[in-house]
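By convention here, the first residue in the shown sequence is residue 1. Note that these values count all heavy atoms, side chains included, but never hydrogens, waters or copies made by symmetry.
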Amino acid sequence: MGSQVLQILRQGVWAALSGGWYQDPHQGAGVNALHLYLWLFLLGFPFTLYMALPSSMMIVAVYCPVIAALFIVLKMVNYRLHRALDEGEIVERNASEHMDRGAKQNKAMFQPRGKTAMGPGKLSADVYILLQMTNSPVFICVTGVVNIKQLTTSKSDLEAKEGEVLDELSLLGRASHLESVTRSRNSLPSQATFPEGEEQESASGDLLEQQDIDLSPDLQDHMQPQEEAAQKVKQYYRFWILPKIWISINFDRLTLLALFDRNREILENVLAVILAILVAFLGSVLLIEGFFKDIWVFQFCLVIASCQYSLLKSVQPDSSSPRHGHNRIIAYSRPVYFCLCCGLIWLLDYGSRNISTTRFRLYGMAFTNPLLLLSARDLVIVFTLCFPIVFFIGLLPQVNTFVMYLCEQLDIHVFGGNATTSLLAALYSFICSIVAVALLYGLCYGALKDSWDGQHIPVLFSIFCGLLVAVSYHLSRQSSDPSVLFERLQSDLIVCIVIGVLYFAIHVSTVFTVLQPILSYVLYALVGTVGFVTHYVLPQLRKQLPWHCFSHPLLKTKEYHQFEVRNAAHVMWFEKLHIWLLFVEKNVIYPLIVLNELSSSAKNIASPKKLDTELGALMITIAGLKLLRSSFSSPTCQYVTVIFTVLFFTFDYKSFTETMLLDLFFMSILFSKLWELFYKLRFVYTYIAPWQITWGSAFHAFAQPFAVPHSAMLFVQAAVSAFFSTPLNPFLGSAIFITSYARPVKFWERDYNTKRVDHSNTRLASQLDRNPGSDDNNLNSIFYEHLTRSLQHSLCGDLLLGRWGNYSTGDCFILASDYLNALVHLIEIGNGLVTFQLRGLEFRGTYCQQREVEAITEGVEEDEGFCCCEPGHLPHMLSFNAAFGQRWLAWEVLVTKYVLEGYSITDNSAASMLQVFDLRKILTTYYVKGIIYYVTTSPKLEEWLANETMQEGLRLCTDRNYVDVDPTFNPNIDEDYDHRLAGISRESFCMIYLNWIEYCCSRREKPLDSSKDSPLVTLCYGLCVLGRRALGTASHHMSSNLESFLYGLHALFKGDFRISSIRDEWIFADMELLRKVVVPGIRMSLKLHQDHFTSPDEYDDPSVLYEAITTHEENLVIAHEGDPAWRSAVLSNSPSLLALRHVMDDGTNEYKIIMLNKRYLSFRVIKVNKECVRGLWAGQQQELVFLRNRNPERGSIQNAKQALRNMINSSCDQPIGYPIYVSPLTTSYSDSHEQLKDILGGAISLGNIRNFICVKWLKLRKGCGAGCNSGGNIEDSDAGGGASCTSNNATINESQSSMSQGGGNAPTGQGPGAVQHPPVAAHPTTFPAAHPPTHPSTLGKVKTKKQLHTSSILYNYTHARELQFLVLSVLNSELVLNQLLF
């Protein structure tokens, strides 16, 4: 414990303060001295220049070239040395004169012919080794005694496994082979000339023999004195300075890595040199400009030294590093942030000295005030001087995380965008927003330049408003993944055109000028009413505990009282009401409000008194885009922002208003931060409440009273972390909270997507010997993967239907059922799409996890407590204690019956099912019958019977008196065992199984001879004997032992057949017999054995057994869980699956029969405070990575029911947490939800419109064709009863039908996760049946419901038909228009 604390203080705290330098006791004095002197030089050189030289550019002219030369030399030498270790030659020099004499004596024997490259025209008695790794053996040419040593390897192999710390000897042992292969592959074969002929062969043979002797570990204790002296050889690496000049270096890879960090690419070295020069330049410029005085000059030089030193030897691990091991990116963090801060200091100072105008004001504050700029400059200066403390605490992320975070925050708060999934996605979304603003800015600027008056708005501004709504709608529906951009453009093209035209028409109608101010009040009242009902009243009424007062939902679903859900969730009336209110709110009310504010505020914003035309047009465009995009994507809390803004700037501070458009824009940003602060404070107060605090360690007991006096500081930290959207994490899980570094909504900077271990990604040897992936966690991860697929199709639609309550970006939910417990993290929320990540927890979790699972699954309805007594509670209400306790939780139960498609899992112990011999005999009998079934139903049966190799191998079995007396057969488990002959004879086999063979053969389309002496019976007998012998071999010939029998059964079940008898080698003539007959036989026997318990005598009838096997073949997938076919079957929603599982975990060794049945599962949906999740995740990352706390029973993961601490911490990415499955980022689209499409209709795209037109045209042709039939009508024609008048008409109908079918398969272009949508069905339209024609060929063919005999109708039939065409065309046009509008 003490050594670990010292290591943290030395390598963590001190190194973080100094930028990477610390005294390493594991390294030599030379390495530590070099580090110390280098760090002192970087610290003292700029300070000396500042003190010695006058404050002028002379300091910059001297400082920058020296730093540039220093870093160029160090980086180039470091890079070249690593290249020498990778590709260079090894020179081994003997350390004793005795070895030199021995080398001289053997010089003549091993002297190679020709000139060598060991030196410029000279030879020495040193040992030289040249290795060349090719497809041929390794040849070694030496002078002297050969000594082979294990060497080090590259830096990537030195990096420890995640969460693992290796000592130097372990690293050397692991890396020796890889280093020698790497070095030998790149050596130059032309540097030595081998002897020719026999001399070369003898020399190489002697050398290889000598090498084997030297490497033999058995001879280490019997080495001769000369061999012992050979161990004292010093190794050198040849470092080429010039083509013919080289020097020897005598350190290895570990020594070099201890000196400096390795930059693998040339670009990394160039970047490091450029950053070092920039740090020197910007730092020296600030020094000579006089920004620092007195002691702060030394502090600033210390900051410069730490930034430059981190480019040579970085802090590993850094407090903001998201991973174990060496982090290459973290080395660039300090210099990059230093350059940014120095540049910002210079710009703010320049602005304060050159900007004197205070023209632009917002809310009475002039942002161009020199005093304000100077204050900001001083703040950045103080922040820069605090770099050692800032990086020690870990307040700044690594560079790539910072770029992603910055782009995401700007896109969300300035442009109304969504969260992103990666760095490239963040840059892509940010660029898309900028492009959209740039395109709209021109229209807005041009419209503002036109003439405005009180009753007239320029048409160009109306065009701008229409395009603004259309572009905002499209951007809100666009994912951050650029690969689906084209599909989204196709999907939204028609809708965006209709939206743009519609809102242009509304705006150009002057409704926003004539109806003022009544229209504004009506819109505000509408948004308040609809938003309050949609996002507050309905979700509260549907919660499990409405307002934490009622004991059950006031609006219940149909499945609420069902014990077991058997069908998909029923759509309730309040769900339809919710979706329609939401549709009207975000597609009608909010766009009208934004257009109303644009019309009333645009001219005022662009006036010279405000922001002028140029800046005003930009602010109008950005504000309108932000408000519209956020309303389309996430309208949950928009009504609160609108109502508060209107009331605040209308009644409270009317004089401070900057037009309602800008007020809404800035208040939306402020409210997002206030909501975040609210969630942080709620998490803190819930976590540290004295009456429910759980102390996981002694440190927690100390920290609880210590944190009480610092509550004010805690509130300040919460406000600062809310402003920067950083997590507020409990230090080591205690009541002391600290602010972590900024992270994007995705949170985790690396993708630790867990990978399932199966037979497709493991070696065959490991499958046979160690059986990897046999633990429960790996095998159960497939169920979470299937759950992810189910959520991909239904999550977005269920969220829109209100089944998960209110939601926003970054929210976290827990899905809990009987065995599945998964945390769902919502990352990107758009208009009709949701990107999420699922984290599956262990089925059989720890004690702490089980306590928290009980907390979220147990009900509180029966609680009758009131303080210390139990007086009870009112009907349908919670007791006082229960209501009070529910308000002090960081989570709440939203739904108890959320229906989702999945698999019910049933596991039975195989040991209990095969405990007695009779049950094993039943299994063996079904095994034999299964083999017979599969061989007789195989299409290759005739080929096998005609195979001469098989006939020869089975020749002995054709004898009627043949008996197989293999000792593996057992009378206790083999029903056809012949006690008289002590084996399985052909006669006894036929006595038991001949009837089954005959029945199976009779079910073939082409029956074969199945008599007692037929080749078919011989083949069946040979296969059944082979199968049972393989079972006995896998059971180690101990079938009487249950454990051995189960081991053999599992080996055969997964396909591990060992053919050990020469009598069974005939099977190699066609291995399909094993794959398609024996393996399915053993797997089917397991299912039949299970069925035997429900109906013991049912399968005695051959017909019943045959039908049962056929049915199981069609509806049941039986496979080993390591087989890729098992995963494919689960993910393809197979109705039933069966497997035999061997679990070896935590000392357990048991066999289970796993049965899966597809059905609808019921989940409890628990919403967790997202700031609680982010804070606990950040705390675990800091504790395990930076503080290196590897205690599996640490206090920060002990159960805390009020915050679900254990469940949240165990869901962290591996290796910080231990989830059994972490899904990739998955996007769910609303178009894939069938129930939602039934309510709102399908997506309006070119493909769907084409399908709609084709289907309607086909119905029209059918209807017109019915009029040409004898008494036909439309209904009969649709039923297929009508015949066309002419063959030409039939041909046209067939072509139209094929066109409709082809159009139905066209993709809808909804991106990943979308499904193909059928054409929207219109209301059926019926017409009067026309009078049938009197053509003789059609008489009597069609029965009519009604015949009209009026001659006028017959005469005007042609005109009526044309009228039908016209009416149908008009109706279809109206239907298309309705779909486009609604």
Visitor: Could you list the residues that satisfy salt bridge (Lys or Arg N to Asp or Glu O under 4.0 Å) with Glu658, not counting sequence neighbours?
Guide: Lys610
Visitor: Whether the Glu828 and Ser480 side chains hold a donor-acceptor pair (N or O, under 3.5 Å, no angle test) is what I'd like checked.
Guide: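 There is such a pair between these side chains.
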Visitor: Is there a donor-acceptor pair closer than 3.5 Å between any side-chain N or O of Gln717 and the backbone N or O of Leu728?
Guide: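 Checking the backbone N and O of Leu728 against the side chain of Gln717, no donor-acceptor pair under 3.5 Å is found.
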Visitor: Carefully, step by step, assess Ser1230 and Leu800 under the rule side-chain contact (heavy atoms from CB on, under 4.5 Å).
Guide: CA-CA 8 Å; Ser1230 60; Leu800 293 175; 3.9 Å; yes
Visitor: Assert yes or no for the condition that the ring centre distance of Trp748 to His825 is strictly below 6.0 Å.
Guide: no
Visitor: I'd like to check Leu595 versus Val469 (side-chain heavy atoms, cut-off strictly below 4.5 Å). Are they in contact?
Guide: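 Result yes, sub-4.5 Å side-chain heavy-atom pair found.
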Visitor: Applying side-chain contact (heavy atoms from CB on, under 4.5 Å) to Leu374 and Leu348, what does each step give before you reach the verdict?
Guide: CA-CA 7 Å; Leu374 286 174; Leu348 291 173; over 6 Å; no
Visitor: Counting only pairs under 3.5 Å, give me each side-chain donor-acceptor contact of residues 333-342, with atom names and distances, residues two or more places apart or in other chains.
Guide:
unit_1 : atom_1 : unit_2 : atom_2 : d
Ser333 : OG     : Ile330 : O      : 3.4
Arg334 : NH1    : Ala16  : O      : 3.3
Arg334 : NH2    : Ala16  : O      : 2.5
Tyr337 : OH     : Pro397 : O      : 2.6

Visitor: Would you check if Lys746 and Gln837 make a side-chain contact, meaning some heavy-atom pair closer than 4.5 Å?
Guide: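 Heavy-atom side-chain distance check fails, nothing below 4.5 Å.
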Visitor: Provide the closest heavy-atom pair for Leu581 versus Val530 in the form atom of the first, atom of the second, distance.
Guide: O-CG1, 3.9 Å
Visitor: Once rounded to the nearest 0.5 Å, what's the spacing between atom OH of Tyr441 and atom CD1 of Ile620?
Guide: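 Between Tyr441 OH and Ile620 CD1, I get 10.0 Å after rounding to 0.5 Å.
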Visitor: With side chain to side chain donor-acceptor pair (under 3.5 Å) as the test, would you mind laying out the steps for Ser808 and Asp811 before giving the verdict?
Guide: CA-CA 6 Å; Ser808 60; Asp811 279 349; 3.3 Å; yes
Visitor: So, using side chain to side chain donor-acceptor pair (under 3.5 Å) as the criterion, who are the partners of Ser472 when residues are at least two apart?
Guide: none
Visitor: Would a 4.5 Å heavy-atom cut-off, applied to side chains only, mark Phe461 and Val508 as touching?
Guide: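 Contact flag for Phe461/Val508 side chains = no.
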Visitor: Short question: side chain of Glu408, backbone of Thr420 - any donor-acceptor pair under 3.5 Å?
Guide: yes
Visitor: Please step through side-chain contact (heavy atoms from CB on, under 4.5 Å) for the pair Leu485 and Leu489, ending with a clear verdict.
Guide: CA-CA 6 Å; Leu485 174 61; Leu489 285 174; 4.2 Å; yes
Visitor: Under 3.5 Å, is there a donor-acceptor pair between the Tyr428 and Gln478 side chains?
Guide: yes
Visitor: Go through it in stages, so that I can follow the logic: the residues are Phe737 and Leu714, the test is side-chain contact (heavy atoms from CB on, under 4.5 Å), and I'd like the CA-CA distance, side-chain angles, deciding distance and then a yes or no.
Guide: CA-CA 7 Å; Phe737 285 81; Leu714 178 60; 3.4 Å; yes
Visitor: Does some side-chain heavy atom of Leu598 sit less than 4.5 Å from a side-chain heavy atom of Leu468?
Guide: yes
Visitor: Would you say the side chains of Gln1181 and Tyr741 form a donor-acceptor pair under 3.5 Å?
Guide: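 There is such a pair between these side chains.
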Visitor: Taking the side chain from Ser491 and the backbone from Arg488, do they hold a donor-acceptor pair closer than 3.5 Å?
Guide: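 Such a contact is absent between Ser491 side chain and Arg488 backbone.
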Visitor: Who pairs with Tyr653 by ring-ring contact (aromatic ring centres under 6.0 Å, His included), at least two apart in sequence or on another chain?
Guide: Phe648, Phe656
Visitor: If every non-hydrogen atom of Cys496 is compared with every non-hydrogen atom of His474, which pair is closest and at what distance?
Guide: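 That would be SG-CB, 3.7 Å.
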Visitor: Between Ser721 (side chain only) and Pro727 (backbone N and O only), is there a donor and an acceptor less than 3.5 Å apart?
Guide: no
Visitor: Could you pull out the closest heavy-atom pair between Tyr405 and Arg743, with the gap in Å?
Guide: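 Minimum heavy-atom separation between Tyr405 and Arg743: CD1-O, 3.7 Å.
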Visitor: Roughly how far apart are Asp663 CG and Thr645 OG1, rounded to 0.5 Å?
Guide: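 Asp663 CG to Thr645 OG1: 7.0 Å, rounded to 0.5 Å.
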Visitor: With a 4.5 Å heavy-atom cut-off, do Phe632 and Leu475 have their side chains touching?
Guide: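 Answer no - side chains too far apart.
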Visitor: Over all heavy atoms of both residues, which pair between Pro635 and Leu582 is shortest? Give the atoms and the distance, please.
Guide: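 Where Pro635 meets Leu582 most closely, the heavy atoms are CG-CD1, 3.7 Å.
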Visitor: Looking at residues at least two apart in the chain, or sitting in another chain, which of them share a side chain to side chain donor-acceptor pair (under 3.5 Å) with Glu597?
Guide: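 Glu597 satisfies side chain to side chain donor-acceptor pair (under 3.5 Å) with Tyr524 only.
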Visitor: Side chains of Asn596 and Leu592: does their closest heavy-atom pair fall under 4.5 Å?
Guide: no
Visitor: Quick one: does any side-chain atom of Asp481 pair with a main-chain N or O of Ser483 as donor and acceptor, under 3.5 Å?
Guide: yes
Visitor: Residues two or more places apart in sequence or in another chain: which of them pass side chain to side chain donor-acceptor pair (under 3.5 Å) with Thr529?
Guide: none
Visitor: Residues in ring-ring contact (aromatic ring centres under 6.0 Å, His included) with Tyr503, at least two apart?
Guide: none
Visitor: Quick one: does Arg629's side chain have a donor or acceptor within less than 3.5 Å of a partner on Leu627's backbone?
Guide: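 Flag not set: sc Arg629 to bb Leu627 has no pair under 3.5 Å.
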Visitor: Is a side-chain N or O of Ser634 found less than 3.5 angstrom from the main chain of Ser630, in a donor-acceptor match?
Guide: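 No; zero donor-acceptor contacts below 3.5 Å.
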Visitor: Using a 4.5 Å cut-off on heavy atoms from C-beta on, say whether the side chain of Ile499 contacts that of Phe504.
Guide: no
Visitor: Please give me the minimum heavy-atom distance between Ser633 and Ser476, naming the atom from each residue.
Guide: OG-CB, 3.3 Å
Visitor: Closest approach of Pro744 and Thr401, non-hydrogen atoms and distance?
Guide: CD-CG2, 3.9 Å
Visitor: Are Phe836 and Ile827 packed together at the side-chain level, in the sense that at least one heavy-atom pair is separated by less than 4.5 angstrom?
Guide: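 Result no, sub-4.5 Å side-chain heavy-atom pair not found.
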Visitor: Quick one: side chain to side chain donor-acceptor pair (under 3.5 Å) partners of His507, sequence neighbours excluded?
Guide: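 His507 satisfies side chain to side chain donor-acceptor pair (under 3.5 Å) with Ser462, Ser599 once adjacent residues are dropped.
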Visitor: Can you measure from CD1 (Ile431) to SG (Cys407) and round to the nearest 0.5 angstrom?
Guide: 8.0 Å
Visitor: Does the side chain of Gln409 come under 3.5 Å of the side chain of Asp411 through a donor N or O and an acceptor N or O?
Guide: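 Note: Gln409 and Asp411 side chains miss the donor-acceptor criterion.
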Visitor: Just checking, any donor-acceptor pair under 3.5 angstrom between side chains of His535 and Glu585?
Guide: yes
Visitor: Which residues satisfy the ring-ring contact (aromatic ring centres under 6.0 Å, His included) test with Phe813, sequence neighbours excluded?
Guide: Trp804
Visitor: Check whether Ser433 reaches the backbone of Ser429 with its side chain - one donor and one acceptor, N or O, closer than 3.5 Å.
Guide: yes
Visitor: Less than 3.5 Å apart, which donor and acceptor atoms pair up between the side chains of residues 667-676 and the rest of the protein, not counting sequence neighbours?
Guide:
unit_1 : atom_1 : unit_2 : atom_2 : d
Ser668 : OG     : Lys626 : NZ     : 2.8
Ser668 : OG     : Leu664 : O      : 3.2
Ser668 : OG     : Phe665 : O      : 2.6
Ser672 : OG     : Ile669 : O      : 2.6
Lys673 : NZ     : His413 : NE2    : 3.4
Lys673 : NZ     : Phe723 : O      : 3.2
Lys673 : NZ     : Ser725 : OG     : 2.8
Glu676 : OE1    : Ser725 : OG     : 3.2

Visitor: For the backbone of Tyr679 and the side chain of Asn1169, can you confirm whether one donor and one acceptor N or O come within less than 3.5 Å of each other?
Guide: yes
Visitor: Between Tyr590 (side chain only) and Tyr639 (backbone N and O only), is there a donor and an acceptor less than 3.5 Å apart?
Guide: yes
Visitor: Holding to salt bridge (Lys or Arg N to Asp or Glu O under 4.0 Å), I want the full list of residues that pass it with Lys603, two or more places apart in sequence or in another chain.
Guide: none
Visitor: Identify, with sequence neighbours excluded, every residue that meets salt bridge (Lys or Arg N to Asp or Glu O under 4.0 Å) alongside Arg377.
Guide: Asp349
